[in-house]
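Quick note on labels: first sequence line is chain A, next is B, and so on, each numbered from 1.
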Amino acid sequence: MSDLNENKNLDSENVVVETNETEQNYNPETAKTPGTMDKIKASFTSRKFRGGAYATAVSAVVIVIVIILNVIISQLDLKIDVTKDSKYTLTSVTKNYVKGVKDDITIYYLVQTGQENKTTKQIIEQYPQVSKNIKVVYKDPILYPNFASKYVDDKVTNNSVLVVNNTNNRVKYVDSNSMVVSQMDYQTYQSYQTGIDVEGQVTSALQYVTTDNLPVMYAVTGHGETDLSASITTALKKINVTENTLNTITTEKIPEDCSVLLINAPQKDYSADEVKMIKDYLSNGGHAIIYTDYQASSLDNFNGLLEYYGVSTVPGIVVEGDRDHYMGQYINYLVPNIETHDITSSLKTGSTYVVAPQASGLKKSDSARSTIEVSPLLTTSDKAYSKTDVSSTKAEKESKDIDGPFNLGLAVTEKYNDKEAKLIVYGSPVLIDESTVSVSSLGNLDLFLNTVNYVTDKKDTLSVRTVSTEQQYLNVTASKATLWSILIVGVLPILVLCSGGYVVLRRRKK
Amino acid sequence: MLAIFKKELKSYFTSMTGYVFIAFFLIIVGIYFAVYNLLNRVANFEYVLSGVSFIFVLLVPILTMRLMAEDKKQKTDQLLFTSPVSIGKIISGKYFAVLTVFLIAMVVICFYPLILLQFGSVPLKTAYGTILGFTLLGAAYISIGLFISSLTESQLVSAVVSFVVILVTALMDSLVSFLPTDNLTCYVIFLVFVILICWILYSMMHNITVSLTVGVIGEAALTAIYVVKPALYDGLLTKVLGWFSVIARFDNFSSGLLDLSSVVYYISIVFIFLFLTVQAIKKHRWN
């Protein structure tokens, strides 16, 4: 059959050549063109070509179909997140918030093609799935180095995110470093990654560009107040609270835009005018968070302010007598009971502990007005006592010491003339010290953020926790490890080889 | 197909080939398992499999080199191809036989995460997701090996080419990040790609006209796109080559993301290379 075909082909080629020759005699000028044309025609009829063309066409069609199928499937974006803490899935907090976004938002992912961070990519690509008003655009910062400068002054880094609200032109830049949570190992002085915070940062940026009235916190200065620690500043930024300082001596009035007044452990007393100014602010529906320090003495005006809102401080430093209520061997590193309140509810459900070192006790004063409502946040055990002689070397209770229990945190609200003042007082400035808020296993940072959210009336508290990337370990004893290693690496493969050898040898004998 | 599958599978287990492959495979995985999970007490089994993904570079060529090349050399392929069974079925039979050898090794490995359960909590979902991805990765590599084996008569050439190809796909993921992403370079490289495609077409069909036409149309289309919307070329090279990075898809599985598109991708790779193997053998026939 095939031979026959070949002959036919040869014949037809011969015919072509012949006609060429005859044509050449008549018109030498046009002779060349039909000649090559026919050669081309002939090349289409050869058996080699037909086989090859058919195979090529079929292959091309099949490959194209497969590629199209792959593109369609990847558009469907069907993924199952099987990680332990669902690190590639948006939390319900974000989903609920994003659903309510009405503005036209573009999330620019500033990344060099091929260097995308898997977690960042997975997380940000889920935002458009929740809301039609959000779209994600990839922009290569190497190819378009000036793109981001249209929106922000920051120097952009690879793998960072820019959230742009096209409706009101508000922009928030999320740096790639802020999406990685790391901790310093104080033995090697090297920082290592402990978690990922893509969702927390991007959602916060989204909240920033869509919310008009963002809370502003004023930290009072001028009386030896402690500055806020780095972790607190970062955390405030994440919940979109602008942080300012306010020198109450030189100001006339607490600024209009002040949502929270922070008084962090003053060492020197306030003047009567300053106290009056703060009282005015609070009675007009202002809010304050106050931390007291046991070391500061003779703060009569300042204590007067607290008294005015029904809080009195107990002199001395609180020491716990109950083994379950202090940390390690430090009897003044208190681990207080967490009372039920809006501020503490998330801590209670998460059963996290708060550490309140070097605290002074707080009491609800008996002379408080009837409009004032005081509720405890943190309390000590019944066995706690306040050491009035703070330089004493005796840990045991002495005769002059004051018996507990004490409050270590109090929430005061006063409703008056349709205006509600909120005042939260904590007995220990170390509650928000870097040494306690940077420890992720403690609830100190959460307590602070919850407090800020509570006083600023942020109902949709967008506190998305970071996803821990810390390594999980097994409890393998050395002997068991050796046993299983020998079994897996040695015994099992040898068994396989031996059974192979047995089969082959038996076959040979046959 | 079933008859060929049985015959091939039997040949693996009546000779030492199958046993040696499985034993070698278990030793390498076992060493990583012992070091990661048992000695360093890490709870994640997925680290073991992402650590040993290079194993395919070494083992697949050994497993697939004799598949087609052997038959060709001994001319037994003539017998097979003149039999009433279609080439597609023969190839599938051979493929599934090799795949079965690999799957037997994977079944043994499925028990490893369970061993760890006695020592604490193990993220089993991620572990088995990774095992699934690893199996698919292996299946894809084996089909590539089979295709390469069908192109040559020499087992050695087949093994070396498979080794190089799998090594390149394995390294592709890290290599692409160094490639230029600007649109001009990408445009130029795609022009070269079109010429390459023309050359492949020519070698398949031996027809200059078709190759030239495809070439001219291709280059013109690329140029038109470049003139109208050059931004389309931004990072395109990285994206296209990244698509061929077989191992990059496995990272999804080992980081705990079961992605349907990755599963479809691997099955597509298997299908395309089995299909190409059939085409290559058919071509061998008419040449």
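Chosen from Ala478(A), Cys498(A), Ser86(A), Ser485(A), the residue pairing most often with chain B at heavy-atom distances under 4.5 Å is Ser485(A). When the candidates Gln115(A), Lys118(A), Gln75(A), Lys87(A) are compared by the number of heavy-atom contacts under 4.5 Å with chain B, Lys118(A) comes out ahead. Considering only heavy-atom pairs separated by less than 4.5 Å from chain B, the leading option among Val503(A), Thr83(A), Thr56(A), Ile63(A) is Thr56(A). When Val496(A), Asp81(A), Val82(A) are compared by the number of non-hydrogen pairs under 4.5 Å with chain B, Val82(A) comes out ahead. When each of Val71(A), Thr119(A), Asn70(A), Val66(A) is scored by its heavy-atom pairs under 4.5 Å with chain B, the top score falls to Asn70(A).
Counting only distance, with no hydrogens or angles, the side chain of Tyr88(A) and the backbone of Ser255(B) share a donor-acceptor pair below 3.5 Å.
No side-chain donor from either of Lys79(A) and Asn252(B) sits under 3.5 Å from a side-chain acceptor of the other. For the residue pair Gln471(A)/Tyr47(B), the side-chain donor-acceptor check at 3.5 Å is satisfied. Side-chain atoms of Asp234(B) and Tyr144(A) form a donor-acceptor pair, as typed in the model, at a separation below 3.5 Å.
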Taking it one step at a time, do Val62(A) and Phe271(B) satisfy side chain to side chain contact (heavy atoms under 4.5 Å, CB included)? CA-CA 10 Å; Val62(A) 166; Phe271(B) 174 75; 3.6 Å; yes
For Leu257(B) and Gln122(A), what are the C-alpha separation, side-chain angles and deciding distance, and is it a side chain to side chain contact (heavy atoms under 4.5 Å, CB included)? CA-CA 10 Å; Leu257(B) 203 63; Gln122(A) 289 302 336; 3.1 Å; yes
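Distance check, rounded to the nearest 0.5 Å: OG1 of Thr482(A) to CG of Leu39(B) gives 7.5 Å. The line from OH of Tyr138(A) to NZ of Lys239(B) is 9.0 Å long, rounded to the nearest 0.5 Å. Rounded to the nearest 0.5 angstrom, Asn475(A) CG and Gln118(B) CD are separated by 11.5 Å. From Trp484(A), atom CH2 reaches atom CG of Leu38(B) across 9.0 Å, with rounding to the nearest 0.5 Å. The distance from atom OG of Ser59(A) to atom CZ of Phe275(B), rounded to the nearest 0.5 Å, is 4.5 Å. Here the OG atom belonging to Ser121(B) is positioned 7.5 Å from the CG atom belonging to Leu474(A), to the nearest 0.5 angstrom.
Heavy-atom minimum distance, Val476(A) versus Arg41(B): O-CD, 3.8 Å. Here the shortest heavy-atom pairing between Ser15(B) and Val504(A) reads C-CG2, 3.7 Å.
Using a 4.5 Å cut-off between heavy atoms, Phe33(B) contacts chain A through its side chain alone, with no backbone atom that close. If you measure heavy-atom distances from Leu116(B) to chain A, the contacts under 4.5 Å come from both the backbone and the side chain. Within the 4.5 angstrom heavy-atom criterion, only side-chain atoms of Val108(B), from C-beta onward, approach chain A. At a 4.5 Å heavy-atom cutoff, Val35(B) makes no contact with chain A through either its backbone or its side chain. Only the side chain of Ile272(B) comes within contact range of chain A, judged by heavy atoms closer than 4.5 Å. Within the 4.5 angstrom heavy-atom criterion, only side-chain atoms of Leu143(A), from C-beta onward, approach chain B.
Under the 4.5 Å side-chain criterion, counting only non-hydrogen atoms from C-beta, Leu487(A) is not in contact with Ile115(B).
In summary, of the residues considered (Ile494(A), Val489(A), Leu492(A)), a side chain to side chain contact (heavy atoms under 4.5 Å, CB included) with Leu26(B) occurs for Leu492(A) alone.
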